[in-house]
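Read through the structure below, which is laid out as structure tokens, and then see the notes.
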Amino acid sequence: MSETNFQFKGSVVTTILLQISHFDEMTLISAIENKVDQAPHFFQMAPVIIDLTKLDQSISLDEFNRLLLHLKNLGLSPIGWRCSDTNKPDWIGDASLPILPASKTRATTLESRVNQDKSNQDVVIKTIVEEKRVAQSSKIITKPIRSGQQVYAEGDLIILSSVSPGAEVLADGSIHVYGALRGRALAGVRGDIGARIFCRSMEAELVSIAGNFILSDTLQSGLWKESAQVLLNEENIEVKTF
Amino acid sequence: MAKIIVVTSGKGGVGKTTSSAAIGTGLALNGHKTVIIDFDVGLRNLDLIMGCERRVVYDFVNVINGEATLSQALIKDKRTKNLSILPASQTRDKDALSQEGVQQVLNELSKTHDYIVCDSPAGIEKGAQMALYFADVAIVVTNPEVSSVRDSDRILGILQSKSRRAEQGMDPIEEHLLLTRYHPERVEQGEMLGVADVEEILAIPLLGVIPESEAVLKASNQGTPVILDAQSEAGLAYDDAVHRLLGEDRPLRFLDVPKKGFFKRLLGG
């Protein structure tokens, strides 16, 4: 029997997206430098994805490489780039940086706090949270969730009663159960690693946060039939009191 | 308009037909014009429990298919006034029940009766869904053991999602829990779930607890609803349940282990 020392896993990370709409090397670089100076800690060693999907012109490989160098000099760490399907540069295969697929339309973008100054519209720095929705309204259920039933909420799921064995509750956000949790609860099903599960009595068959799960065998070793919350701590499911 | 009561459970062998017969008879004894319909097409049992198997000529499926009128198929109970039975067909299967057909029969019965008791088949498939679809009230029959409780939970979910009241956004079906084959001694020994455990899991109001009793089997074999046996605990417990269904407040009984008498203890009985 061979022993494996590694695992390939999927993961969703929050990162900075540098969206360039017009490329004029000197003004662009000085504008980025200005932004970085406003919040140096925020940008220190920050992974950055260069987004050329909104670019209104073409850009040469030399120009792209110089941009990379400038960004590195400013303390940023470019980790990938993307371009629009309609405006692909001819050097697409020669870039030294991995190319990423274009952002899904579902991805939510948040204007970052450094984007207060509107003086330079050529550079827009956005924090992109991929595969995650924010500020979804929560779903409230007042009746018991019976065996065989499945309830899904796009935001948080709040259940004022119990979840029966054989029932399944899922949410993009957190799950709150104000009764006994006896079925399966899956929070952060779209990859929100910050999602949690709360319940008044932990008797679950399975709990999962962002795809990481534990079964009732493991749950029974602590806080069984007691109030508990479930959260993700660096890919490990943790069950603890409130 | 009659009140339509479905007696259901998900799991088989928990006492649906026994309970349907007892509750239907109980309602009739209290002066309400009642009909009990056997929805278990292909596994006809209600007529045996009611002791009218020899009088079955036409059945529920005949009426649905227009091969007989309701008055031809309805069997008037000989012991109890106000009570009739609509037997299931033994030679057909559940597919013979169409929603329109069932609705038509229920509408017709509704004009002349106060209560329609639908004895559901086991399972969660078409037969059971047809029995519960038009219900106003559900009596969920449960034994104090885990698999029965789980199945009851499942059927409660179906009541809340696949019934007419759920589909048309009307007031939800009134749900009642009837705990049958209850054995206080085994509960005390921890071999059986207690009333509180089942109530906690299913979270619906308790209609009654029927103790495990030899009288039930005896009554079934004789074709007499057990509620008519006023000597038995099960009969009395069903009587209590019927009165609770009619809105009366009655305390639960037969939940404690009967105390042994002095001589029994002395003789180690």
Side-chain angles (χ1 to χ4, degrees), chain A residues 137-154 157-171 175-186 189 197-208 215-220 223-228, chain B residues 6 8-12 14 120 122-126 128-129 132 135 138-163 165-167 169-177 179 190 193-194 196-206:
Chain A
S137 64
S138 46
K139 188 184 228 176
I140 301 178
I141 309 268
T142 53
K143 287 186 146 187
I145 315 270
R146 305 289 180 184
S147 183
Q149 288 182 323
Q150 200 179 39
V151 179
Y152 165 69
E154 290 191 333
L157 179 58
I158 299 164
I159 296 153
L160 301 179
S161 187
S162 293
V163 177
S164 294
E168 192 169 64
V169 289
L170 309 103
I175 297 173
H176 311 251
V177 183
Y178 289 88
L181 173 56
R182 301 192 177 98
R184 297 151 67 103
L186 297 91
V189 288
I197 297 167
F198 308 88
C199 64
R200 279 269 177 83
S201 178
M202 172 56 76
E203 299 166 47
E205 295 169 335
L206 175 148
V207 288
S208 159
L215 296 170
S216 70
D217 296 351
T218 320
L219 287 166
Q220 281 176 29
L223 294 176
W224 189 248
K225 296 198 174 182
E226 287 176 48
S227 294
Chain B
V6 61
T8 187
S9 72
K11 193 167 160 45
V14 295
S120 169
I124 54 171
E125 286 78 27
K126 192 178 177 192
Q129 291 194 15
L132 65 79
I139 297 175
V140 179
V141 183
T142 308
N143 288 168
E145 49 101 14
V146 283
S147 60
S148 175
V149 173
R150 169 80 59 97
D151 292 358
S152 295
D153 197 51
R154 182 87 168 91
I155 211 82
L156 282 165
I158 291 171
L159 284 167
Q160 287 158 13
S161 58
K162 298 206 172 144
S163 60
R165 281 177 173 270
E167 282 179 3
M170 301 153 73
D171 289 341
I173 293 178
E174 190 184 312
E175 296 155 343
H176 297 281
L177 172 64
L179 205 53
L193 294 172
D197 299 326
V198 181
E199 262 190 301
E200 208 232 312
I201 296 172
L202 294 180
I204 56 170
L206 184 66

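Within every chain, numbering begins at 1; the chains are lettered A, B, ... in the order of the sequence lines, protein sequences first and strands thereafter.
Heavy atoms closer than 4.5 Å to chain A are found in both the backbone and the side chain of B:E200. Contacts between A:S162 and chain B at a heavy-atom distance below 4.5 Å are absent for every atom of the residue.
For B:D151, there are no side-chain hydrogen bond (donor to acceptor under 3.5 Å, both in side chains) partners two or more places apart in sequence or in a different chain. B:H176 meets the ring-ring contact (aromatic ring centres under 6.0 Å, His included) test with no other residue; sequence neighbours excluded.
Closest approach of A:R146 and B:L202 over heavy atoms only: NH1-O, 2.6 Å. Shortest non-hydrogen contact noted between B:D153 and A:I145 is OD2-O, 4.5 Å. Nearest heavy atoms, B:P172 versus A:K143: CB-NZ, 3.9 Å. Taking every heavy atom of both residues into account, B:R150 and A:P165 meet most closely at NH2-CB, 3.4 Å.
Between chain A and the options B:G157, B:S152, B:S161, heavy-atom pairs under 4.5 Å are most frequent for B:G157.
Counting heavy atoms of neighbouring residues, nucleotides and ligands inside a 6.0 Å radius, atom CZ of B:R165 exceeds 12 of them.
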